[in-house]
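Counting from 1, the numbers follow the sequence of the chain as shown. In each ligand, atom 1 is the first atom listed, and ligand 1 is the first ligand listed. None of these values were measured; they are calculated from a predicted model.
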Amino acid sequence: MGKQQILVIGAGGQLGSELTQGLWNLHGKENVIATDIKAPQGILATGNFEILDVLKEEAFSEFIRKNKFTQIYHLAAVLSATGEKNPKFAWNLNMNSLIQVLDIAVEYKIEKVYWPSSIAAFGPTTPKIKTPQDTVMDPTTIYGISKQAGERWCEWYYKNRGLDVRSLRYPGLIGYKTKPGGGTTDYAVDIFFKALTDKKFECFLKPDTYLPMMYMDDAVKATIDLMEAPAEKINERASYNISAMSFCPSEIATEIRKHIPEFEITYNPDFRQAIADSWPRSINDSAARIDWGWEPKFDLSTMTQDILKNLPALL
Ligand code: AKB
C-alpha cells in the first residue's frame with residue numbers, strides 16, 4: 001500500500017472526531033482531510049479541515065477531483081432519535097449521501113470506502129440475544145431502514161462495480177470528548193456528563209433496557225483494523241456485526257456509583273424506549289473475530305474508570 005490520502009466526511013460528529021485522530025496517528029496528520037458541514041471544534045481545528053456538503057453534487061465531485069484521495073470514511077448521518085422527528089431529512093442525508101459517495105468512489109477509483117451501519121438495522125423480530133451475523137432484519141426507524149438499505153447498496157457496489165467498501169454494524173458508541181448526537185443509546189454518554197456536573201440523571205429508557213455498547217477507543221480501533229485488513233480477509237461486504245459489552249441503565253448507574261456514591265438515577269421513558277425495545281440486547285460478532293481478528297479492550301468497568309478519570313478535565 002503506497003502513501004494514503006484520506007477523506008473523512010462527517011468528521012465533526014462523536015465518532016468522526018476521534019476516528020480522525022486515529023487516522024492522523026496511522027497515516028500522518030498531513031494525509032487526512034476532515035470535513036463537515038459545520039466549522040471544526042477543539043482538536044479537529046488543528047488538522048486539515050474543509051467545510052463540505054456531500055449532497056452538493058458538483059462541489060463534492062470537484063473537491064474529490066482536486067484532492068486525489070485513496071480512501072473515504074463516510075460518517076455523515078442523522079441518528080435514530082433525531083431521524084424519527086424528521087424522517088425525510090434523515091432519509092435524504094443518510095441514503096443519498098451514501099449513494100453519492102459510492103458513485104464518486106467508483107468514478108475516481110478510490111481504493112477503499114468505509115461506511116458505518118448499526119444495530120438499528122435489526123428490528124423486533126430479529127433474535128435479541130447474541131444476534132447472528134445473518135438473520136431477520138426488520139428495522140422500525142428511518143435511521144435503521146437507511147442502514148439496512150445502505151448495507152445492500154454497499155454489497156451491490158462491491159459485487160457490481162468492484163468497489164472495496166467495508167462496514168461495521170456499530171452498537172451504541174460511548175465517548176466523552178464530544179456531546180451526544182441524537183441517538184437512542186446516547187443516554188449512556190449523557191449519564192457521565194450529568195453524574196459529574198449534577199450528581200443525578202433522568203434516563204429516557206427503563207432501568208432494565210439492555211443494549212449492545214462499545215467504548216469509543218474500541219470503535220476507532222475496530223474501524224481502522226477493518227480498513228487495514230487485507231481485502232481477502234473481508235468476507236462480509238454488507239456490514240459486520242461487532243460488539244464489546246451489553247448493559248442496561250441500572251447497571252451503568254451502579255458502576256458510576258462505585259466512583260460517585262451520591263449519584264442518583266431516575267427513569268422517565270419516552271418514545272426512545274420503543275426504539276430500544278426493537279433492537280438486539282447482545283450481538284454475536286464471531287465473523288469479525290474470525291475474519292480479521294476483532295477483539296475489544298474495554299468492558300463496562302474499565303470504560304467507566306477511563307471516562308471518569310478523563311472527563312473532569314474537559315468540563
Ligand atoms: C443510535 O442510538 O441511534 C446510534 C446507533 C445505535 O446506531 N447510537
Test of understanding: with salt bridge (charged side-chain N to carboxylate O under 4.0 Å, His left out), list the residues that count as partners of Lys258, not counting sequence neighbours.
Glu255
For Ile51, is there any backbone N or O sitting under 3.5 Å from a side-chain donor or acceptor partner on Thr35?
no
Is it the case that the side chain of Arg281 and the backbone of Lys128 share a donor-acceptor pair, with hydrogens and angles ignored and the cut-off at 3.5 Å?
no
Enumerate the ring pair (Phe, Tyr, Trp, His ring centres under 6.0 Å) contacts for residues 125-149, please, sequence neighbours excluded, ordered by first and then second residue.
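For residues 125-149: none.
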In order of chain and number, which residues sit within 4.0 Å of ligand 1 by heavy atom?
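Answer by chain and number: Leu79, Ser80, Ser118, Ile119, Tyr143, Gly183, Thr184, Thr185, Trp279.
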Centroid separation Phe69 to Phe63 less than 6.0 Å:
yes
Under 4.5 Å side-chain linkage, directly or through intermediates, the cluster mates of Phe89
Leu55, Val78, Leu93
